[in-house]
Peer 1: 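Mind having a look at this structure? Questions to follow.
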Amino acid sequence: MVFTYENLARYVREALAHFHDPAFLQTSPLIELLDPGATSEELQDLLRKKIESLRPDPIVPPERPEWMAYRILQRRYLHLESPYALCEELGISVASLYRYQHQAMEALIESLWREAIRRGKANLTTKEDSLGATYLERSVCEPIDIRTVLQSVQQIFARFASQEGLGFSITWPSSPLVLYGDPAVFHQIILNMLVGAVRIGIEETLHLEVQRQGSSVCCLVKGACSSKPLDQNILKQSELDLCQKLLGIYGSQLQVRKREENISLSCLIPSIKPPIVLIVEDYEDAR
């Protein structure tokens, strides 16, 4: 099964609501995130681990609000505590409880969505706008070898291309190609370029070429074609619009060029190590 963001979110909520019901969990589509023949106990373990991943760092004092979302998700679904008992115990209103619960649920769904992407079981042509908003709100920055991202892209998009009856190939340098940023963002940028090219129109084969260009990495998609004039609104189609927004995080933009009937999509992503900023402040909230 290949998940859309919407149905994955629904299945996660249903599974949590029936967390202690093995018969229900055994028939949950989320079983597909695990290995063939997985059991309800393994699905419980996956959900438990994902909830645990939301636990704040131990250095955060237990009375801090950062703990609220994690505690509410854990106690509501794993320990079956009622909302009203939790409100009384935590000293919060019902409205606040559901606000924190919503935040925690969204974080849990996003974590499982990334799991679906990693396992090649996510339909990446859905829910792009909300994913883009998430990444734009809080993008991480870490060194990544883009070849690792491309290997995952190749595995996922090759299936999509096969379903569409298209050929697909990638070329990239044999030596490490390091970028600084969020690997999930780069993953999404490249996949959206490819899917956007398919939406424009492909004759037979789509090719992705990634290479170093000075202090940047150039990503070039070739193989799209159209006899129609190049519409300036082409970048407003959902896949390419999100791609443009994500590239904006890194000060880059998507370029679409047409020569005769052949159309190419490209972007130049800076490969510059970000500076380290030291903040000295004894008031925690100000930090």
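These numbers come from the heavy atoms of this one structure, side chains and all, not from hydrogens, waters or symmetry mates. Note that the numbering runs from 1 along the sequence shown for the chain.
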Peer 1: What's the separation between atom OH in Tyr77 and atom CD1 in Ile51, rounded to the nearest 0.5 Å?
Peer 2: 9.0 Å
Peer 1: Are Leu179 and Ile170 joined in one hydrophobic group, where the rule is that I, L, V, M, F, W and Y side chains link up if heavy atoms are under 4.5 Å apart?
Peer 2: yes
Peer 1: In terms of relative ring orientation, are Phe24 and His18 parallel, tilted or perpendicular, with 30° and 60° separating the classes?
Peer 2: parallel
Peer 1: Taking Lys50's backbone N and O only, do any of them form a donor-acceptor pair with Ser53's side chain (distance below 3.5 Å, no angle check)?
Peer 2: yes
Peer 1: As an exercise, state the distance from CG of Leu30 to CD of Gln44, rounded to the nearest 0.5 Å.
Peer 2: 12.5 Å
Peer 1: Where does the angle between the aromatic ring planes of Tyr250 and Phe186 fall among parallel (under 30°), tilted (30 to 60°) and perpendicular (over 60°)?
Peer 2: parallel
Peer 1: If I take atom CD from residue Gln154 and atom CZ from residue Arg147, how far apart are they, to the nearest 0.5 angstrom?
Peer 2: 13.0 Å
Peer 1: Got a donor-acceptor contact below 3.5 angstrom from the Arg76 side chain to the Pro83 backbone?
Peer 2: no
Peer 1: Any chance you could measure His102, atom NE2, to Ile72, atom CD1, to the nearest 0.5 Å?
Peer 2: 13.0 Å
Peer 1: Measure from the side-chain N and O atoms of Asp145 to the backbone N and O of Leu177, and report whether any donor-acceptor pair falls under 3.5 Å.
Peer 2: yes
Peer 1: Same cluster or not: are Tyr98 and Tyr84 linked, directly or through other Ile, Leu, Val, Met, Phe, Trp or Tyr residues, by side-chain heavy atoms under 4.5 angstrom apart?
Peer 2: yes
Peer 1: Write down the atom of Ala104, the atom of Ala69, and the distance for their closest heavy-atom approach.
Peer 2: CB-O, 3.4 Å
Peer 1: Please check if Ile109 and Phe19 belong to a single hydrophobic cluster, counting links between Ile, Leu, Val, Met, Phe, Trp and Tyr side chain heavy atoms closer than 4.5 Å.
Peer 2: yes
Peer 1: Above 12 or not: heavy atoms from other molecules or residues under 6.0 Å from NE2 of His20?
Peer 2: yes
Peer 1: Say you draw a straight line from CD of Gln26 to CD of Glu42; how long is it, rounded to the nearest 0.5 Å?
Peer 2: 9.0 Å
Peer 1: Does Glu6 pair with Arg13 as a salt bridge, N-O distance under 4.0 Å?
Peer 2: no
Peer 1: By side chain to side chain contact (heavy atoms under 4.5 Å, CB included), which residues pair with Ser93, not counting sequence neighbours?
Peer 2: Ala95, Ser96
Peer 1: Would you check if the side chain of Trp172 reaches a backbone N or O of Gln151 as a donor-acceptor pair within less than 3.5 Å?
Peer 2: no
Peer 1: Do Leu73 and Leu90 sit in the same hydrophobic cluster, where Ile, Leu, Val, Met, Phe, Trp and Tyr count as joined when their side-chain heavy atoms come under 4.5 Å apart?
Peer 2: no
Peer 1: Check side chain to side chain donor-acceptor pair (under 3.5 Å) between Thr171 and all other residues, then give those that pass, not counting sequence neighbours.
Peer 2: His207
Peer 1: Spell out, as yes or no, whether a donor-acceptor pair under 3.5 Å connects the side chain of Glu88 to the backbone of Ala85.
Peer 2: no
Peer 1: Between the side chains of Lys49 and Glu52, is the shortest nitrogen-to-carboxylate-oxygen separation below 4.0 Å, so that they form an ion pair?
Peer 2: no
Peer 1: Rounded at 0.5 Å granularity, tell me how far CD1 in Ile117 sits from CG in Leu191.
Peer 2: 8.0 Å
Peer 1: Tell me whether Leu208 is reachable from Ile144 by hopping between hydrophobic residues (I, L, V, M, F, W, Y) whose side-chain heavy atoms are closer than 4.5 Å.
Peer 2: yes
